[in-house]
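Encoded as structure tokens, the structure appears first; notes follow it.
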Amino acid sequence: QTPAPCDIVVFGGTGDLALRKLLPALYHQFRDGHLATGTTVIACSRAGLDDAGYRAKVAGDLPAFLGHDTTGADLDQFVARLQHVSLDIEIEEEWQPLVERITRDGVDPDRVRVYYLACAPALFGPIAAALDRNGLINEHSRVVLEKPIGRDLASARAINDAVGAVFDESQIFRIDHYLGKESVQNLLVTRFANSIFEPIWNSGAIDHVQITVAESLGVGTRGGYYDRSGALRDMVQNHLLQLLCLVAMEPPTTVDRETVRDEKLKVLRALKPIGAADVPHVTVAGQYAAGLVDGAAVPSYVADSECPGSGTETFAALRVEVQNWRWAGVPFYLRTGKRMPERYSEIVIQFKPVPHPMFPHAEGTASANRLVIGLQPDEGMKLQLTAKEPGPGGIRLRPVSLDLDYASAFERRAPEAYERLLMDVVRGNPTLFMRRDEVETAWAWAEPILAAWEDGGRRVQTYPAGTAGPVAASTLLERDGRSWHERE
Ligand code: BG6
């Protein structure tokens, strides 16, 4: 059902995120008829544009981010709905034009207002305070905070306090766009809408879990942000830990807004702390050097980011433990990196071998079962089994795969993560957003690792661009007699 008309205000309206993700998401929702007539999208920035100037900019930029989905007439209609307000948030008088647009005559003062803060986290508190001062927050207002929420526990708390001083927690939507990916939501359905997985989803049957989020891109033009961040803050503290939570959590009793988040929080609280003494043994930090990606020479991170001598990690691998009854003794290996050979994300559930070798005279060995859940770019699921190779004579064991490809199973366009999440904000459903306690618990866990890396002078190991990270990442698993799953 199409939600009632609302106002969507995007701070950082000319930024990368707005152009790459938010406007395309809004466009698709508009085209599919989910944005009610009368919904306004007001972009705010310091770009000094009027409505016409902003529309011209978006009309020029957007097609590149929409790919094959562009259709002229729809796009024109969408762009015509956009407005732009020039606003330096620190100058009080500059808020007035925004106030006038939002409180314009003939518009229900109680209608939903979405404030999307697609800007630096240092501005979250000041913007929230100014919205309040200017009387722009009604009962149906919602604020969306982009990650990273701070850069450590103290700064996350300060942001949460500042935003929480004017918005109720139920109005605050902390986005982790991984939770909006179809494939990630499907994880919950796979686990909890099928009866065959749950009985074996524990340390009795599972040997270990691997979560990989690999990117082939470098940091591009984001060096300024990235160099203060690094892979642990940019990806692990949020996206990878959220994936881990979905794999590890107990079945929620319902999928309502609090229950799912309560269960994820329990997992975060059960993460074994990684102290300074453990850091060298269970964490690996890497940084890409110049190399070859898809046959093309690419520069090093230091050159890309223009940060000479930088020790910021563009790759992180960790051995994580969830200290509870279900997962005792089952390591979760996490890794993520930029400039890896290809872009893919997957979760590997490695089962234990059979307890007794039934076919001692067979050729080949029974490989332990493995469930590989592909999250992107191709969503699917592969269950590796051992089968008898057809033929007369003795038994020959061979690994085979049950292979489910979602794109061919469901011939429908899967909406982008931001489409789903933006509409959840408009509808007021925070289930797929991070609650304050989740964000802060994740920071509390990550902080000692960051501190140890920084104390150690951030001696990251380099890896050539186009490879799967530093050698130490393989050693991390080899020490446990295991290895990273290799994509076929
Ligand atoms: C963002 C990170 O949150 O996620 C980026 O800041 C990263 O550094 C991106 O590239 C990856 O998202 P996706 O959806 O392309 O996997």
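In this text the structure is predicted, and so the values were computed from the model without any measurement.
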Applying side-chain contact (heavy atoms from CB on, under 4.5 Å) to Pro3 and not counting sequence neighbours gives Met423, Val426, Arg427
Check the side chains of Gln77 and Arg31 for a donor-acceptor pair under 3.5 angstrom, ignoring hydrogens and angles.
-> no
Any donor-acceptor N/O pair, Arg113 side chain to Arg142 backbone, under 3.5 Å | no
Using a distance-only test with no angle check, is there a side-chain donor-acceptor pair under 3.5 angstrom linking Asp227 and Ser305?
-> no
Apply ring pair (Phe, Tyr, Trp, His ring centres under 6.0 Å) to Phe78 and list each qualifying residue two or more places apart in sequence or on a separate chain.
-> Tyr27, Phe30
Could I get the full list of side-chain hydrogen bond (donor to acceptor under 3.5 Å, both in side chains) partners for Ser345, not counting sequence neighbours?
-> Gln376
Only counting residues at least two apart or in another chain, list the ones meeting ring pair (Phe, Tyr, Trp, His ring centres under 6.0 Å) with Trp484.
-> none
side-chain contact (heavy atoms from CB on, under 4.5 Å) involving Asp51 - partner list, sequence neighbours excluded = Arg55, Gln83, His84, Arg101
Taking Tyr115 for its side chain and Leu136 for its backbone only, find out whether a donor-acceptor pair lies under 3.5 Å.
-> yes
Considering non-hydrogen atoms only, spot the tightest contact between Pro126 and Ile89 and give its length.
-> CB-CD1, 4.0 Å
Counting N and O atoms only, with roles assigned by atom type, does the side chain of Thr441 sit under 3.5 Å from a partner on the main chain of Arg269, one being a donor and the other an acceptor?
-> no
Flag the pair Arg191 and Glu198 as a salt bridge only when some basic side-chain nitrogen lies within less than 4.0 angstrom of an acidic carboxylate oxygen.
-> yes
Of Asp88, Val85, Leu131, which meets side-chain contact (heavy atoms from CB on, under 4.5 Å) against Trp95?
-> Leu131
Of the non-hydrogen atoms in Trp453 and Val284, which two are nearest, and what is the gap between them?
-> CZ2-O, 4.0 Å
Inspect the contact between Asp262 and Arg435 and indicate whether a charged nitrogen and a carboxylate oxygen are less than 4.0 angstrom apart.
-> yes
Does Arg104 come within less than 4.0 Å of Glu100, counting only side-chain N to carboxylate O?
-> no
Are a donor atom and an acceptor atom from the side chains of Asn160 and Arg174 found within less than 3.5 Å of each other?
-> yes
Is there a donor-acceptor contact under 3.5 Å from the side chain of Thr103 to the main chain of Val99?
-> yes
Look only at the side chain of Asp32 and the backbone of His34, and say whether a donor-acceptor pair between them is shorter than 3.5 Å.
-> no
Restricting to pairs with a member in residues 133-183, which pass ring pair (Phe, Tyr, Trp, His ring centres under 6.0 Å), not counting sequence neighbours?
-> Phe173-Phe433, His177-His239, His177-Tyr418, Tyr178-His239
Is there a side-chain contact between Val247 and Trp201 (heavy atoms, below 4.5 Å)?
-> yes
Between the side chains of Asp378 and Tyr344, does any donor sit under 3.5 Å from an acceptor?
-> no
Quick one: side-chain hydrogen bond (donor to acceptor under 3.5 Å, both in side chains) partners of Ser183, sequence neighbours excluded?
-> none
In chain order, what residues pass the side-chain contact (heavy atoms from CB on, under 4.5 Å) check against Arg222, with sequence neighbours excluded?
-> Tyr225, Asp234, Lys338
Polar contact flag, side-chain donor to acceptor under 3.5 angstrom, Glu182-Tyr406 | no
What distance separates Leu240 CG from Arg335 CZ, expressed to the nearest 0.5 Å?
-> 11.0 Å
Does any donor atom in the side chain of Glu346 or His485 lie under 3.5 Å from an acceptor atom in the other side chain?
-> yes
Under-4.0 Å salt bridge between Arg46 and Glu94 | no
Looking at residues at least two apart in the chain, or sitting in another chain, which of them share a side-chain contact (heavy atoms from CB on, under 4.5 Å) with Val302?
-> Gln287, Ser300
Can you name the side-chain hydrogen bond (donor to acceptor under 3.5 Å, both in side chains) partners of Arg157, sequence neighbours left out?
-> none
For Tyr333, ring pair (Phe, Tyr, Trp, His ring centres under 6.0 Å) partners two or more places apart | His208
Side chains of Ser155 and Trp443: is there a donor and an acceptor less than 3.5 Å apart?
-> no
Could Glu250 and Arg326 be called an ion pair, given the rule that one side-chain N must be under 4.0 Å from one carboxylate O?
-> yes
Using atom types as modelled and distance alone, determine if a side-chain donor or acceptor of Tyr54 lies under 3.5 Å from a backbone N or O of Gly13.
-> yes
Among all residues two or more places apart in sequence or in another chain, which pass the salt bridge (charged side-chain N to carboxylate O under 4.0 Å, His left out) test with Asp168?
-> none
Check Arg233 against Asn238 and note the closest heavy-atom contact, atom names and distance.
-> O-ND2, 2.9 Å
Looking just at side-chain N and O atoms, do Gln242 and Glu438 make a donor-acceptor pair shorter than 3.5 Å?
-> yes
